[in-house]
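Data first, discussion second: the structure below is written as structure tokens.
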Amino acid sequence: MKFLVALIFLLFQFGQCEKLKVSAYIESLCPDTTRFIQSSLLKALQTPEFDDLVELRLVPYGKASQVLQNDGKIVFQCQHGDLECFGNKIQACGFDALNTSQQEQLNFLTCIQKSRKRQQEDFENEIIQCLPDLWQGVLECAKGTEGVKLLWANGEETLNLDPKLTYVPWVTVNGNFDSKAHEQIERNIVKWACQIANKQRDTYSQIEACEEYQ
């Protein structure tokens, strides 16, 4: 009986572990974003139990602007042109479709943003490969009003950051921007998270990958 009580207590403690909350503000055609995705975020994807330690939000928008015109039409201007706006909608719609799984969102992002796109068809061809079961709905979302709504919401969040976003990717931790944390996360988000978890063992989940950074 005592063993059972102790086991329940340990399970309860494990379930109460906090997660590091990271938001990454990205752009679909930004070379620096692509490097971040294919290095730091790809390592996160390949790390077992990473989502037990880090709650990662991905917000495609970046250094863009948006205007609600008198006729009700929303117009976006993205740093790398209209094609990037479309790519941002593709990503926003994909993340929305996969909103119950951080792992699947990361898998989608690392798949869809491997190389620079030159035309809309490049995004459309890649999404078929990256989301073979969901691509039609995601593409309809990106080309329709739902994609506009999702990108507008991302814009509202991005444009209201404090301090203001000045470059991309832009990373916040628990809603706050810290330049040192940003640099560490951009280089290796797993190492950054593990170093914090190793120092605060009573607060954060202990995952096997963090043994490397003790």
Practice task
Might you confirm whether atom CG of Asn160 has over 12 heavy atoms from other residues, nucleotides or ligands at distances under 6.0 Å?
Solution key: yes
Problem - Any side-chain heavy-atom pair of Lys114 and Thr110 under 4.5 Å - result: no
Problem - N/O donor-acceptor pair under 3.5 Å between Asp52 side chain and Ser205 backbone - result: no
Exercise for the section: Give a yes or no on whether Glu208 atom CD has more than 12 heavy-atom contacts from other residues, nucleotides or ligands under 6.0 Å away. Expected result: no
Practice task
Would you please indicate if the ring centroids of Phe36 and His182 are separated by under 6.0 Å?
Solution key: no
Exercise for the section: May I ask you to say whether Lys117 pairs ionically with Glu126, meaning some side-chain N is under 4.0 Å from a carboxylate O? Expected result: yes
Problem - Same apolar cluster: Trp152 and Phe95, side chain cutoff 4.5 Å - result: no
Exercise for the section: Spell out, as yes or no, whether a donor-acceptor pair under 3.5 Å connects the side chain of Asn198 to the backbone of Cys210. Expected result: yes
Handout entry: Heavy atoms of other groups near Asp82 CG, more than 12 under 6.0 Å
Key = no
Handout entry: Neighbour count above 12 (heavy atom, 6.0 Å) for Lys19 NZ
Key = yes
Practice task
Report yes if some heavy atom in the side chain of Phe86 is under 4.5 Å from a heavy atom in the side chain of Ile90; otherwise report no.
Solution key: yes
Exercise for the section: Could you pull out the closest heavy-atom pair between Val171 and Phe177, with the gap in Å? Expected result: O-CD1, 3.3 Å
Practice task
Of all the heavy-atom pairs spanning Ser28 and Asn88, show the shortest one and how long it is.
Solution key: N-OD1, 3.0 Å
Handout entry: ILVMFWY network linking Leu98 to Phe123, side-chain heavy atoms under 4.5 angstrom
Key = yes
Exercise for the section: Would you mind reporting whether Thr203 and Cys17 have side-chain heavy atoms less than 4.5 Å apart? Expected result: no
Practice task
State, with a plain yes or no, whether a side-chain heavy atom of Leu41 is found less than 4.5 Å away from one of Leu56.
Solution key: yes
Practice task
Quick one: do Leu134 and Phe108 satisfy side-chain contact (heavy atoms from CB on, under 4.5 Å)? Show the steps, please.
Solution key: CA-CA 11 Å; Leu134 299 173; Phe108 165 59; over 6 Å; no
Handout entry: Asn70, CG atom: more than 12 neighbouring heavy atoms under 6.0 Å
Key = no
Handout entry: Check: Asn174 side chain, Lys21 main-chain N or O, donor-acceptor pair, under 3.5 Å
Key = yes
Practice task
Using the salt bridge (charged side-chain N to carboxylate O under 4.0 Å, His left out) rule, take Arg57 and Glu157 through it: C-alpha gap first, then chi angles, then the decisive distance, then the call.
Solution key: CA-CA 12 Å; Arg57 295 179 59 255; Glu157 178 178 343; 2.8 Å; yes
Practice task
List the atom of Ala193, the atom of Leu53, and the distance in Å for their closest heavy-atom pair.
Solution key: CB-CD2, 3.8 Å
Practice task
Spell out, as yes or no, whether a donor-acceptor pair under 3.5 Å connects the side chain of Gln38 to the backbone of Gln113.
Solution key: yes
Exercise for the section: Check whether more than 12 heavy atoms from other residues, nucleotides or ligands sit under 6.0 Å from atom NZ of Lys164, and answer yes or no. Expected result: yes
Problem - Donor-acceptor contact below 3.5 Å, side chain Glu84 vs main chain Leu29 - result: yes
Handout entry: side-chain contact (heavy atoms from CB on, under 4.5 Å) between Val59 and Thr158, worked out
Key = CA-CA 8 Å; Val59 187; Thr158 303; 3.9 Å; yes
Practice task
Side-chain contact test, heavy atoms from C-beta onward, threshold under 4.5 Å: evaluate it for Tyr25 versus Thr172 and give yes or no.
Solution key: yes
Problem - Enclosure of Gln77 CD (heavy-atom neighbours >12, cutoff 6.0 Å) - result: no
Exercise for the section: Give a yes or no on whether Trp170 and Leu20 share a hydrophobic cluster (residues Ile, Leu, Val, Met, Phe, Trp, Tyr; joining criterion: side-chain heavy atoms under 4.5 Å apart). Expected result: no
Problem - Closest contact, heavy atoms only, Lys63 versus Val168 - result: CG-CG2, 3.8 Å
Handout entry: Polar side-chain atom of Ser101 near backbone of Glu104 as donor-acceptor pair, under 3.5 Å
Key = yes
Practice task
Give a yes or no answer on whether the side chain of Gln66 reaches the backbone of Ala153 with a donor-acceptor pair at less than 3.5 Å.
Solution key: no
Handout entry: From Leu151, Val138, Ile127, residue fulfilling side-chain contact (heavy atoms from CB on, under 4.5 Å) relative to Cys93
Key = Val138
Handout entry: Step-by-step side-chain contact (heavy atoms from CB on, under 4.5 Å) determination, Lys43 to Asn188
Key = CA-CA 8 Å; Lys43 185 172 182 62; Asn188 188 337; 3.5 Å; yes
Handout entry: Steps toward side-chain hydrogen bond (donor to acceptor under 3.5 Å, both in side chains) verdict (Glu140, Gln136)
Key = CA-CA 6 Å; Glu140 288 176 5; Gln136 286 179 307; over 6 Å; no
Completion exercise
For Tyr204 and Ala197, the nearest pair of non-hydrogen atoms, with its separation, is CB-CB, 4.0 Å
Fill in the blank from the handout: Closest non-hydrogen atoms of Asn99 and Gln105, given as atom of the first, atom of the second and distance, are CA-NE2, 3.6 Å
Practice task
Please tell me if the side chains of Phe76 and Val67 come closer than 4.5 Å, counting only heavy atoms from C-beta onward.
Solution key: no
